[in-house]
Every structure is written in structure tokens, then in C-alpha cells.
**Q** 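Structure below; questions to follow.
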Amino acid sequence: MSGFVMVFAGLTGVLSVLNLLLTAALIRRLHRSGGPPAAPGDPGPGALPRVMLAGGEKAGAFRARTTRDAPVDEGFFAESTTLFGAFAQGCGSCEERLPEFLQIAEVFPGGGEQVLVLLIGAERDLEAKRAALEPVATVVTEETPGGPVGRALGVTGYPAMALVDPGGLVRASGTTVRDMMTAGAGV
């Protein structure tokens with residue numbers, strides 16, 4: 001019986017070493033190729049996270065009221081390129097990126113008539129953001145994600161920023177001003 005145990009132990013050792021070598025080879029190959037293959041719908045390694053419609057996609061129809069009680073709809077995108085931003089209350093990244101977005105909004109061609117901002121949260125929690133944004137943007141608030149403006153622009157994460165060309169065609173989008181401006185150079 002001890003002969004059988006020796007053969008079994010030797011065979012187990014050889015299989016373990018072979019398994020280790022194959023695993024090491026697979027890891028090396030994945031490392032060289034940049035990682036495992038992307039799952040369907042996953043942007044893949046190095047790609048920007050998708051938080052709203054991507055470049056080349058068209059915004060849908062919507063109807064909403066601004067914080068100044070004026071109507072706004074998809075016609076907002078009719079005249080010229082629009083700067084769009086979506087920011088949610090309680091979002092740390094939104095707090096970090098809002099000042100840079102504000103700087104761009106202040107100098108964006110067309111001023112507040114070509115800057116549309118969606119704020120997500122309770123009105124009372126958004127007062128400071130509204131006060132900062134209203135002088136340079138048309139502001140819409142939605143209590144929860146998935147309201148008319150958010151749906152029309154496919155917003156699924158925050159912050160979301162985009163350049164939207166006339167007719168509602170998204171030129172570039174991302175989570176930072178840099179993502180958006182780099183991809184949409186030539187405003």
C-alpha cells in the first residue's frame with residue numbers, strides 16, 4: 001500500500017507544479033494584454049466610465065422647469081453647443097469637480113443661455129449650489145435620479161459633464177471637465 005501512496009503523492013506534486021506553471025503563464029499573458037477581456041457593456045481598461053450618453057449619441061426629449069420657474073426642453077440644444085453638467089447632493093466627486101465646472105461655465109460662449117446644469121437632491125440641500133450656478137447657467141433640479149432631464153441625457157452617475165451640439169447630439173462626455181474638453185476639443 002505504501003507504493004500506491006508514493007505514486008499518488010508524486011502524481012499530485014507533478015500536477016500541482018504543472019498547475020502553478022500554467023497559472024503563472026496566464027497571469028503573464030493577461031498582464032501583457034492589459035487585463036482580462038471586458039464584459040459586454042464594460043468600457044474596458046483605460047476607458048472613461050460611462051455616466052451619461054457618449055459622443056455621437058442624441059439626447060432625448062424632455063420637459064422641465066428651471067429654478068427660476070421657466071420652462072426648458074430639448075430645444076435648449078437647438079442654437080449652438082451647450083455645456084451640460086449633472087451634480088448630485090452628497091456626492092464627494094461632485095463637490096470636488098463643481099468649482100472647475102463653474103470656471104468653464106463662466107467663460108463658455110453664450111453664457112447661461114448655453115450652459116444647462118442638473119442638480120439632484122432636495123431643494124433645501126441644493127441652495128448653495130444653486131446660488132453659485134444660477135448666475136452662469138440654466139439650472140434644473142430633480143429630487144431623485146431618473147427625472148426627465150437625467151433620462152433624456154442618459155445620466156447614470158455623478159458628476160456627469162458633456163458638450164452637446166445643436167440638435168442634441170452629444171459631442172463628448174465624462175466625469176471631469178478634462179475628459180469632456182479633451183474629447184470635445186474645438187468648442
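Along the sequence shown, residues carry numbers from 1.
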**Q** Taking the side chain as every heavy atom from C-beta outward, state whether R130 and R68 have any atom pair closer than 4.5 Å.
**A** no

**Q** From E142 CD over to R151 CZ, what is the distance, rounded to the nearest 0.5 angstrom?
**A** 7.5 Å

**Q** Would you indicate whether the side-chain heavy atoms of V164 and L169 approach each other to under 4.5 Å?
**A** no

**Q** In Å, rounded to the nearest 0.5 Å, how long is the span from CD1 of I104 to CZ of R178?
**A**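 The CZ atom of R178 is 12.5 Å from CD1 of I104, to the nearest 0.5 Å.
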
**Q** How long is the straight-line distance from CG of L163 back to CG of L83, given to the nearest 0.5 Å?
**A** 6.0 Å

**Q** Is R63 atom CZ crowded by more than 12 heavy atoms from other residues, nucleotides or ligands, each under 6.0 Å away?
**A**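 Not buried by this count: 12 neighbours or fewer within 6.0 Å.
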
**Q** I'd like to check the side-chain hydrogen bond (donor to acceptor under 3.5 Å, both in side chains) partners of T141; sequence neighbours left out, ordered by chain and number.
**A** E123

**Q** Report the distance from atom CZ of R171 to atom OG1 of T81, rounding to the nearest 0.5 Å.
**A** 4.0 Å

**Q** To the nearest 0.5 Å, tell me how far T144 OG1 sits from I120 CD1.
**A** 7.0 Å

**Q** Locate the shortest heavy-atom distance separating E96 from P99; write the atom from each residue and the value.
**A**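 Here E96 and P99 meet closest at O-CD, 3.5 Å.
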
**Q** Are S80 and Q114 packed together at the side-chain level, in the sense that at least one heavy-atom pair is separated by less than 4.5 angstrom?
**A** yes

**Q** What pair of heavy atoms forms the shortest contact from A152 to L53, and how long is it?
**A** O-CD1, 3.7 Å

**Q** Any sub-3.5 Å donor-acceptor pair from E57's side-chain atoms to A54's backbone N or O?
**A**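 Side chain of E57 to backbone of A54: a pair is present.
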
**Q** Do you know which two heavy atoms are closest between M52 and T156, and how far apart they sit?
**A** N-OG1, 4.3 Å

**Q** Looking at every heavy atom in both E74 and A61, which two are closest together, and how far apart are they?
**A** OE1-CA, 3.4 Å

**Q** Checking the side chain of T138 only, and the main-chain atoms of G112 only, is there a donor and an acceptor separated by less than 3.5 Å?
**A**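 Yes, the answer is positive, given that a donor and an acceptor are paired below the 3.5 Å cut-off.
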
**Q** Does a side-chain heavy-atom distance below 4.5 Å link L133 with L119?
**A** yes

**Q** Looking only at non-hydrogen atoms, find the nearest pair between V170 and A162 and report the distance.
**A** CG1-CB, 4.3 Å

**Q** Compare all side-chain heavy atoms of Q89 with those of L126 and state whether any distance is below 4.5 angstrom.
**A**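 Q89 reaches L126 side chain to side chain.
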
**Q** What ring pair (Phe, Tyr, Trp, His ring centres under 6.0 Å) pairs are there with at least one residue in residues 60-99, not counting sequence neighbours?
**A** F87-F101

**Q** Does CD in E79 sit with more than 12 non-hydrogen atoms of other residues, nucleotides or ligands closer than 6.0 Å?
**A**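 Result for CD/E79: open.
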
**Q** Just wondering, are more than 12 heavy atoms of other shown residues or ligands nearer than 6.0 Å to CD in E113?
**A** no

**Q** To check you understand the geometry: which heavy-atom pair defines the closest contact between A132 and L102, and what is its length?
**A**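 Smallest heavy-atom distance, with atoms named: O-CD2, 3.5 Å.
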
**Q** Decide yes or no for V117 and V136: does some side-chain heavy atom of the first lie under 4.5 Å from some side-chain heavy atom of the second?
**A**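 A side-chain contact is absent here, since even the closest heavy-atom pair is not under 4.5 Å.
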
**Q** Kindly compute the distance separating CD (E100) from CE (M161), expressed to the nearest 0.5 Å.
**A**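 If I round to the nearest 0.5 Å, the distance is 7.0 Å.
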
